[in-house]
Structure formats: C-alpha cells, structure tokens
Amino acid sequence: MDEEETPAIPARTAFRRFWPLTKGLRKWLLLVWLCTVLAALAETEAILLFSDLTDHALEKGSLAAFWSPAAQWLAVAVAGAVVAYAGNSVAAWVTERFVMRLREHVFDHVQQLPPHFFQRHRQGDLLSRLTSDVEAIETMVVSGLVGAASAAFSALFYAAAAFWLRWDLAAATFVLAPLFWLAARRFSGSLKDVSRAGRVADGAITSVVEESLGNIVLTQAYDRRDAECRRLREEANAWFRASVRSTRLNEAYEQLVQVIETVCVLAVIGIGAWEISTGRMTLGQLLAFAAFLGYLYPPVRGLAQLGLTVTAATAGAERLIEILDVGPSVGDPGRPAETGRPDGTVELRNVSFRYPGAEKSALEDLSFAVSPGELVIVTGPSGAGKSTVSKLLLRFYDPDSGDVLLDGVPLRDLPLARLRAYVTLLPQETLVLHDTVRANIACGRPGASDQAIEEAAKAADAHDFIVRLPEGYDTRVDPNSARLSGGQLQRLAIARAILRDAPVLVLDEPTTGLDALAARRVVKPLRRLMTGRTTIMITHDLNLAPDADRILVVDRGRIVETGRHDELLARGGPYWRLHRSQNNAAMDTGELRMPLWEEEQAPVPVHDPAPAYQQPYGQGPYAHGSHAHGPYVPGPHVPDLHVPDPYAHDPYVPGPHASDAYAAPVPTTLPDGRPLFRDEEAWPEI
Ligand SMILES: Nc1ncnc2c1ncn2[C@@H]1O[C@H](COP(=O)(O)OP(=O)(O)OP(=O)(O)O)[C@@H](O)[C@H]1O
C-alpha cells in the first residue's frame with residue numbers, strides 16, 4: 001500500500017464513515033445551528049428596521065421617527081452579537097473535540113497494526129495523516145455540516161424574506177442562481193485532484209525532513225547536505241505546484257462568483273428603478289431588498305464554496321480511511337482461556353508463517369519446546385527467520401499453520417494484554433521514552449514504587465550511573481539523547497524488563513550494536529534478568545552460547561541443528577561454521593557470513609533430532625588446510641572446497657584434514673585475547 005495508490009472515495013462515503021465519531025457532540029451541533037438561526041433572524045429584523053428608518057426617518061427627514069426603530073435595531077444587534085458569540089464558541093469547542101477524538105481513534109488504531117505496516121509506510125507520511133488529514137476531515141464532518149446547515153437555512157430564510165418583500169423582483173434574481181451552482185461544479189473535480197496531490201506531497205516533505213534529521217550523522221559524515229536538499233526540493237516542488245494550482249483554482253472561482261453577483265445586483269437595480277418610476281415600490285423597499293440579497297449571497301456562495309472545501313477534504317479522508325481499513329493482524333480471543341500466571345513452558349508446534357505479501361515463507365514447519373527456566377539461544381544467518389520467531393512469541397502475528405503455546409495454551413486463546421504481561425520482549429533497538437529515567441524503567445510495570453524501580457535498576461547494574469546523572473532518576477532522557485551510552489540504555493531496558501517480572505523472556509539481539517566492553521557490561525544484568533525465567537535469546541553473538549541449555553540453529557525458516565554449545569562445535573556443522581565466522585571477525589553482515597549450505601541444495605535439510613555424530617571440534621568439512629587460517633571466504637566461492645555439504649553426509653566421516661588449526665580444542669578466548677563471557681571478572685564502570 002502506497003500513498004500514491006490511495007483509493008478514491010466519494011464525499012458521502014467519507015462523511016458516513018466519520019459521522020459516528022460525532023456521537024455525544026450532536027446536541028452541541030444542534031445548539032450551534034440554533035444560534036445561527038437566531039443570528040439570521042436578528043439580521044432580518046435589522047434589515048426590516050433599516051427599511052423602516054429609510055422610508056420614515058430618512059426620506060421624510062423626521063428625527064422623531066428615528067428613535068424607536070434605532071433603539072430596536074440596537075437591541076436586536078446586541079442580542080444577535082451575543083447569540084453569534086455563543087454559537088461560534090460552542091462551534092470551536094465541538095470542532096476541536098472532534099479533531100481530538102478522531103486523532104485518538106486513528107492513533108489507537110495505528111498502534112495495533114502489525115510490524116510490516118510500519119516497514120512499508122514512511123513515518124513522515126503517517127505523521128501527516130495523523131495531523132493535517134485529521135483536520136481536513138473536521139472541515140468535512142463538523143464545520144462542513146454545521147456550515148452547510150447554517151448556510152442552507154440562511155439562504156432559504158433571506159430568499160423567503162426577499163420573496164415576501166417583492167416576489168417578482170426576487171423571482172427575477174433567482175433565475176440567475178443556478179449560475180453559482182454551475183461555477184462550483186466546474187471547479188470541484190480539479191480541486192479534488194490538486195488537494196490530493198498536495199496532501200501526498202505534504203506527507204512526502206514531512207518524511208524527507210524526518211528521515212534526514214534522523215540520519216543527521218550520515219548526512220554530515222558523508223556530506224550529503226546537497227543530496228538531502230535535492231530530495232526535499234523534489235518533494236517541495238510537487239507541493240509547490242499543487243498549492244499554487246489550488247490557490248489559482250480557488251481564486252478563479254471567487255472572481256467568477258463576484259461577476260455573477262454583480263450581474264444579479266445590476267438586474268435588481270434595473271428592475272427596482274423601473275418599479276420605483278412606476279410608483280410600485282419605495283426607495284426603502286428597494287434598499288431593503290438589496291440588503292436581503294447582500295445577506296443572501298454569502299450563504300449561497302458559502303454553500304458552493306463548502307462543496308469545494310468538502311471535496312478537498314475528501315482527499316484527506318481517503319488517506320485516513322486507507323489506514324483505518326488495514327486491520328490489526330491479531331486480536332483478543334472471543335472466549336479467552338482461563339489461566340493463571342504460567343510456569344513458562346513455551347512451545348512452537350509445526351509453525352509455518354509467511355509475511356503478508358511476501359513470496360517466501362519466513363518459517364516452515366518449525367517445532368521446538370522450552371521448559372520453564374531454560375535458556376535457549378536461537379541463532380542462524382541473516383534472514384533465517386530468527387526475529388520472526390520473536391514476533392510470533394509476542395503474537396505480533398499468528399502462524400499460518402501450527403501453534404505457539406504457552407503452558408500448553410495457544411497464544412491466540414490468551415487476551416493480548418495478559419500474554420504481553422507474561423512474555424517480555426527486550427528488543428534489538430533500545431527503546432527509550434522521552435521522559436525521566438524513572439518513568440522509562442517504570443513503564444515495565446506502571447504504578448511500581450520508587451523502591452521497586454531502584455531495585456530493578458540495581459539488579460540491572462544501572463543504579464550507579466543513574467545516580468551520577470544531573471538529576472538522578474528524574475533526569476530526562478530521549479531516544480536521541482547523547483547523555484547515555486548504548487550500553488547504559490540497554491541496562492535501562494534490562495531494568496524495565498526486570499521490573500516487568502514476566503515468566504518468559506524474549507531477547508532479540510541483546511548485545512548487538514554494543515562494543516565489546518559495553519556488551520560485556522550487560523552480561524551480568526542479563527543473567528540476573530534471565531534467572532528463573534524461560535528465556536529465548538535470538539542472537540548472532542555466540543559469546544553467551546556456552547551458557548545456553550540448548551542452541552537452535554535456524555536457516556531458511558527451519559531448524560537445521562540443535563544441541564549444546566560444546567556438542568554443536570564438536571559436530572562441525574552449521575553452528576560450528578557460524579561460530580568460526582564470528583571468531584574470524586567476519587561479522588554479521590549476512591553477505592559476509594558463510595551460508596549454511598549451498599543455494600542449489602534444496603530442499604533445506606531438516607534437523608534430525610537424534611544426537612548427531614560425535615565429531616571432534618575442528619574436524620568439520622570446512623576445516624580445510626589452506627582456508628583454515630586465511631580470511632573468511634564465503635562458502636560457495638571457496639575455489640578448492642571439494643568437500644560436499646555437511647548435511648548431505650550423515651553420519652559425517654572426518655576428512656583427511658583433521659589435524660589442521662581448527663582441530664584445536666574449544667577456544668576459551670576470543671581472537672583478540674578477551675576471555676569468553678563465561679569467565680566473568682570485574683570490569684571498570686563505563
Ligand atoms: N515485513 C516483512 N515482509 C516480508 N518479508 C519479511 C518481512 N520481515 C521479514 N521478512 C522476511 O522473512 C525472512 C525472515 O526474516 P527475519 O527478520 O525473521 O530474519 P532474521 O533471521 O531475524 O534476520 P536478521 O538476523 O538479519 O535480523 C527474511 O527472508 C525476510 O526477508
């Protein structure tokens with residue numbers, strides 16, 4: 001779904017769609033309309049008094065005939081002013097309430113949408129929909145409706161008054177009325193197109209600014225200022241064209257209407273002059289008639305203009321309806337399962353899943369179970385489906401087939417709020433609220449006491465750096481804050497998760513993006529967080545792997561290997577290769593990493609749950625003499641790699657190179673000499 005493809009919707013459909021949101025406000029709308037009616041009555045009375053004054057006081061030059069109508073006129077004017085003030089104030093209140101309600105409604109809806117929606121929509125465009133498009137709908141549903149009702153009433157009222165005064169004169173004038181309608185009709189189609197283009201361009205400009213400022217480091221470091229300005233200019237040009245064209249169209253319409261009005265006024269004066277000359281009309285009557293026409297034109301013009309405004313607002317409505325029509329991918333069950341706090345047994349049973357619109361499945365018939373308190377690491381190359389597992393565990397999506405179970409209960413039978421209280425996610429990116437440190441931790445468990453927050457911070461090794469901040473726990477932080485390092489932010493996130501105290505933890509790349517020192521600094525807090533909880537850690541970083549009760553190696557949506565760290569290394573299979581590529585510092589770029597098997601070897605071999613052959617670590621097929629020491633070369637391009645895929649050989653017969661460097665025992669240090677995280681020692685405070 002793209003902003004350019006927004007489907008066209010008739011104004012009536014758009015109106016009907018948003019009208020229910022005026023519930024509770026309608027009585028106030030009626031009051032606004034009543035005020036307009038009263039104001040119109042006051043104006044009419046004023047015009048009639050003016051006619052009286054002209055004929056009795058002005059034409060006859062009698063001051064005595066002046067006082068009474070003048071006093072009545074003043075009283076009517078004051079009453080009209082009070083009513084108009086009250087009506088406009090209530091109208092402002094109603095329109096702003098409606099805007100707030102609509103914005104909350106759309107915002108609430110957007111927050112329930114699945115992750116792929118946000119990957120496919122630019123944030124700036126969403127922002128523009130939530131701001132200017134929401135306001136546009138107000139002009140259609142509330143101001144539009146009240147305006148139309150008031151204008152229609154005023155037009156009818158003044159027209160009736162004009163007829164009552166001189167029906168023949170009025171009839172002659174109204175013959176010209178369809179001209180207004182024709183003029184409005186002529187312009188409305190073009191105005192809708194141009195408004196739609198303007199709104200899309202507005203969203204695009206917000207997106208460019210937002211993306212560019214969000215990437216300011218890239219912009220500055222790579223001197224991309226000109227490129228970014230060019231990008232902005234391209235979008236701004238579209239907006240510029242749309243807005244100039246929209247002004248031109250509106251202006252042309254206004255001027256055309258002026259000309260039509262002049263024709264009407266001249267017709268009235270011409271007929272009036274003839275009527276006065278024949279003695280059938282007084283000057284006062286003619287002036288009053290002209291005044292009624294003067295009052296009649298604005299509502300008639302307003303009605304036609306309103307048509308144009310509503311047409312333009314429909315373009316905004318289309319963009320909001322497009323979002324509102326995207327349903328959440330999951331919802332609360334009709335009949336929720338009756339469960340208490342779970343022990344934390346997690347199971348994926350024959351789970352297959354394909355992202356909406358994707359060509360290939362992200363997970364294929366995946367099964368594994370984790371017992372309460374176990375630590376299971378899910379690893380594998382980029383795009384293997386690891387993060388998809390975390391999305392299913394949090395129930396951002398339901399599997400296409402198979403089940404995800406918590407203590408034997410399918411997740412789809414648990415209310416979402418309860419499920420997410422039981423399963424805590426520590427996401428890859430450190431998520432920080434624009435708020436105080438205290439609030440950032442407390443959002444793990446709203447209403448937590450200060451003492452509980454501090455204890456969580458202590459367990460996460462965050463307390464010490466927090467108290468050193470200028471205002472301690474009350475220091476404000478924000479997502480782009482330079483105040484806290486990546487590691488410190490991660491420890492805040494750990495404190496939040498500790499406070500949440502869920503029986504199941506899903507850690508998605510908890511050390512990614514942290515340097516070695518910072519990564520090491522979060523290991524202890526992470527261990528404290530994991531203690532006693534079922535933990536599923538999705539990671540490329542295998543430094544915590546020795547701690548895991550089990551490691552699942554996933555590739556192309558399937559488990560290709562499972563076991564403990566030592567067993568898997570000894571097996572010399574995919575895990576061993578992942579581990580080797582990491583120790584060779586060929587970091588996780590996905591492209592750099594060795595494929596677990598060669599592309600052409602489809603279908604993907606499925607893990608055989610029976611214990612694999614016991615192959616000494618380093619005796620795998622890739623422990624090949626000339627490559628063992630060299631820089632990492634992706635698998636399929638290894639020129640003299642004559643050893644077939646390891647999965648094709650079960651059991652594997654050790655090759656002739658068992659004695660090379662990779663036949664060494666499991667290393668206890670990283671290549672740069674750092675100890676593995678397993679051997680913790682005191683580290684300096686960062
Ligand atoms: N929103 C999406 N729409 C379509 N396909 C998607 C979407 N998100 C992920 N995928 C695809 O699903 C597959 C699994 O993705 P996933 O993010 O789970 O991989 P991963 O193992 O976590 O990768 P990485 O380690 O790079 O984060 C990939 O082929 C990916 O391209």
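What's counted below: heavy atoms across the whole structure, side chains too, no hydrogens, waters or symmetry copies. In this chain, residues are counted from 1 in sequence order. Treat the numbers as computed from the prediction; the structure is a model and nothing was measured. In listed order, ligands and their atoms are each counted from 1.
Looking at heavy atoms from C-beta onward, Thr539 lies out of side-chain contact with Leu544 at the 4.5 angstrom threshold. Between Leu324 and Arg17 the shortest side-chain heavy-atom distance falls below 4.5 Å.
Close contacts of ligand 1 with Ala358, meaning ligand atoms under 4.0 Å from a residue heavy atom, involve 4 (C), 5 (N). Annotation for ligand 1: atoms under 4.0 Å from non-hydrogen atoms of His116 are 1 (N).
At least one heavy atom of Gly385 sits less than 4.0 Å from an atom of ligand 1. Residue contact check for ligand 1: His540 places a non-hydrogen atom closer than 4.0 Å to it.
At least one N or O atom of Gly383, backbone or side chain, sits closer than 3.5 Å to an N or O atom of ligand 1. Ligand 1 has a nitrogen or oxygen under 3.5 angstrom from a nitrogen or oxygen of Lys386. Annotation: Thr388 places an N or O atom under 3.5 Å from an N or O atom of ligand 1; distance criterion only. Where the criterion is an N or O separation shorter than 3.5 Å, residue side chain and backbone included, Ala384 meets it with respect to ligand 1.
Panel note: side chain Lys386, backbone Val553; no donor-acceptor pair is recorded below 3.5 Å. For Asp407 (side chain) and Thr345 (main-chain N/O), a donor-acceptor pair under 3.5 Å exists by modelled atom type.
Comparing heavy-atom distances from atom 11 (C) of ligand 1 across Tyr397, Phe353, Tyr355 singles out Tyr355 as nearest. Of all the listed residues (Pro115, Ser361, Gly557, Ser382), Ser382 holds the heavy atom that lies closest to atom 24 (P) of ligand 1. Across Ser387, Pro114, Gly357, Ala362, heavy-atom proximity to atom 27 (O) of ligand 1 is greatest for Ser387.
Residue contacts with ligand 1 for Lys360 are absent, since no atom lies close enough (heavy atoms, distance under 4.0 Å). The part of Pro381 lying near ligand 1 is the backbone, judged by heavy-atom distances below 4.0 Å.
Salt-bridge check for Arg231 with Glu234: failed, with every basic side-chain N at 4.0 Å or more from each acidic carboxylate O.
With no hydrogens or angles considered, no side-chain donor-acceptor pair links Tyr397 and Thr388 at under 3.5 Å. Side-chain atoms of Ser128 and Arg319 include a donor-acceptor pair closer than 3.5 Å.
Checking each of Leu393, Thr535, Thr424 against Val506 for a side chain to side chain contact (heavy atoms under 4.5 Å, CB included) leaves exactly one that passes, namely Leu393.
The minimum heavy-atom distance between Gly573 and Glu561, with the atom names listed, is CA-OE2, 3.7 Å.
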